[in-house]
**Student:** 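Just dropping this structure here.
Chain letters run A, B, ... following the sequence lines, proteins first and then strands; every chain starts at 1.
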Protein chains: 2
Amino acid sequence: MKIPSQLAAIPLFEGLSEENYADLAAIVLDKVFHKGQTIFSEGEEGNGFYVVVAGRLKIFKLSREGKEQILHIFGAGEPFGEVPVFAGQRFPANAEALEDCRVFFFPRAAFVELIKRNPSLALNMLAVLSRRLRQFTLLIEDLSLKEVPGRLAAYLLYLSHQQAGSDEVELDIPKNLLASLLGTIPETLSRILARMIRQGLIEAEGPRIKIVDRQGLQALAVVGSYRST
Amino acid sequence: MKIPSQLAAIPLFEGLSEENYADLAAIVLDKVFHKGQTIFSEGEEGNGFYVVVAGRLKIFKLSREGKEQILHIFGAGEPFGEVPVFAGQRFPANAEALEDCRVFFFPRAAFVELIKRNPSLALNMLAVLSRRLRQFTLLIEDLSLKEVPGRLAAYLLYLSHQQAGSDEVELDIPKNLLASLLGTIPETLSRILARMIRQGLIEAEGPRIKIVDRQGLQALAVVGSYRST
DNA sequence: CGTGGCCTTGATAAAGTTCAAGAGCCGTGG
DNA sequence: CCACGGCTCTTGAACTTTATCAAGGCCACG
């Protein structure tokens, strides 16, 4: 597929002129990463940022003992790795492909030039970073102020919201990744799912989860918003 | 003091022209908050953002049961409350004056106009948000991947770094606030300080803490960086 | 002086992690 | 085509960390 038409599908580039797309197309690099491959690592110099074209990837931190905390899971259309472009030069976290991925890479200098000449691009990028700050405040709130059942309840309600409010939701990531996203470990997640089933809050078979007592989940989550933007 | 000269002292506005300062001065509102006063609350609509002129304040989240997690403590020159300007309209957290504060308030619409006409202002703001994202990744790492002694060790080393690398550091906030900043409670902080003293890592009297075994602290913190920008 | 905030310490309880074991599933290669 | 190895997921028991509840000390400020 032609690159300019793919660029137009990226929300970050909404509202740009034809000329701008041409400029972007001129600087973009098309890259492919296979499942499990590292895209970048914490501490590395970042000379540009990325946008996911296809596939999914995780942005995560690692502790010395090997425990992982996922910060984001990104899919098509979402930009990532922007922080070093505007501050500090180095990636604050790691990125790894969860599936085979295609990404666009935009080199820093050319992109900054484009921003300078293009207020609406600047505002779009400010909106992206602001949304991300908002998401992080929710994650911090989860980690510091809620217990694991509350985080899980919030996540399930969020999934339901995403999937048209249906009571039958399907986990789109394996449970060990979900554990890492919620700031816990697979054993704990497993136990808490079992408990929720015992308490009649949900039913589950494999990745399919049915919300039985929505009120009960909401009471655990305190509020239904889960990293909603 | 004249407003334009104060504007020039704000890093966010570095590199602007005289004319820009005049524009900013035309839209700015000068506000005062007394110690303990709420500046804004989570969920409120934000029609602009702020810059601290004098005094300090905290940005924080509250759990249903009243536990508090501090996200930032800001002092003179630091902008805050920008998220709603660029995304989502509503404040993601609360702000409260820790001391009597003077702040500048910049209404959203006028400020966005200014950004559109001013690429370097846009880039400065992008840098501010990017730095904040980086700080949040460190806070998330602390909360999720480190235990309280590790967070405290990192904080002490960070303080030492701030205070010219001296081995004698002085806490610039009361210990109950420090507990909330580290994602714990005063009792736990107190116990861990006592333990560190027993282990010969530090000495302490009141807010004055002497780093005795820097290596030992570094081993706990894994790395000396604490929310370093 | 006395009251309230801040800080510390102890006893207890809760939540989560670690370690260990085992079940189920799938793809690869013999 | 089947067996093996690897991976995910679950469950149990012991242990660690942290929070909670309660009490007491200290200091500053009214």
**Student:** For C/dT9, does the base pair up with any side-chain atom of B/Arg198 as donor and acceptor (N or O, under 3.5 Å, distance only)?
**Tutor:** no

**Student:** Return no unless some side-chain N or O of A/Thr188 is found under 4.0 Å from OP1 or OP2 of C/dG16.
**Tutor:**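 False: A/Thr188 side-chain N/O out of range (4.0 Å or more) of C/dG16 OP1/OP2.
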
**Student:** Between A/Ser190 and D/dC9, does any side-chain N or O lie under 4.0 Å from OP1 or OP2?
**Tutor:**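 Negative; the distance criterion is not met.
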
**Student:** Using a cut-off of under 3.5 Å, enumerate the N/O to N/O pairs linking the protein to nucleotides 6-8 of chain D.
**Tutor:**
from: D/dT8; atom 1: OP1; to: A/Asn176; atom 2: ND2; distance (Å): 3.3

**Student:** Any idea which of C/dG16, D/dT18, D/dT10 is nearest the B/Glu147 side chain?
**Tutor:** D/dT18

**Student:** Quick one: are the ring centres of A/Phe49 and A/Phe80 less than 6.0 Å apart?
**Tutor:** no

**Student:** Step by step, work out the ring-ring contact (aromatic ring centres under 6.0 Å, His included) result for A/Phe13 and A/Phe104.
**Tutor:** CA-CA 13 Å; A/Phe13 299 138; A/Phe104 286 160; 8.8 Å; no

**Student:** Using the C1' atoms of five pairs at each end, what's the angle between the two axes of the helix from C/dC1-D/dG30 to C/dG30-D/dC1, to 10 degrees?
**Tutor:**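 Angle reported: 30°, given to the nearest ten degrees.
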
**Student:** Could you check, using the six-membered ring where one of them is a Trp, whether A/His72 and A/Phe136 have ring centers closer than 6.0 angstrom?
**Tutor:** yes

**Student:** For D/dT20, does the base pair up with any side-chain atom of B/Arg191 as donor and acceptor (N or O, under 3.5 Å, distance only)?
**Tutor:**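 It does, because a donor-acceptor pair links the side chain of B/Arg191 to the base of D/dT20 below 3.5 Å.
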
**Student:** Is it true that A/Tyr50 and A/Phe74 have ring centroids separated by less than 6.0 Å?
**Tutor:**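 No, the ring centres sit 6.0 Å or more apart.
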
**Student:** Can we say B/Glu141 and B/Lys146 salt-bridge, meaning some charged N sits less than 4.0 Å from an Asp/Glu carboxylate O?
**Tutor:**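 Salt bridge between B/Glu141 and B/Lys146, a charged N being under 4.0 Å from a carboxylate O: no.
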
**Student:** Check every strand shown and say whether B/Pro149 touches a base, only sugar-phosphate, or nothing at a heavy-atom separation below 4.0 Å.
**Tutor:**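 Sugar-phosphate contact only - B/Pro149 comes under 4.0 Å of backbone atoms but never of a base.
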
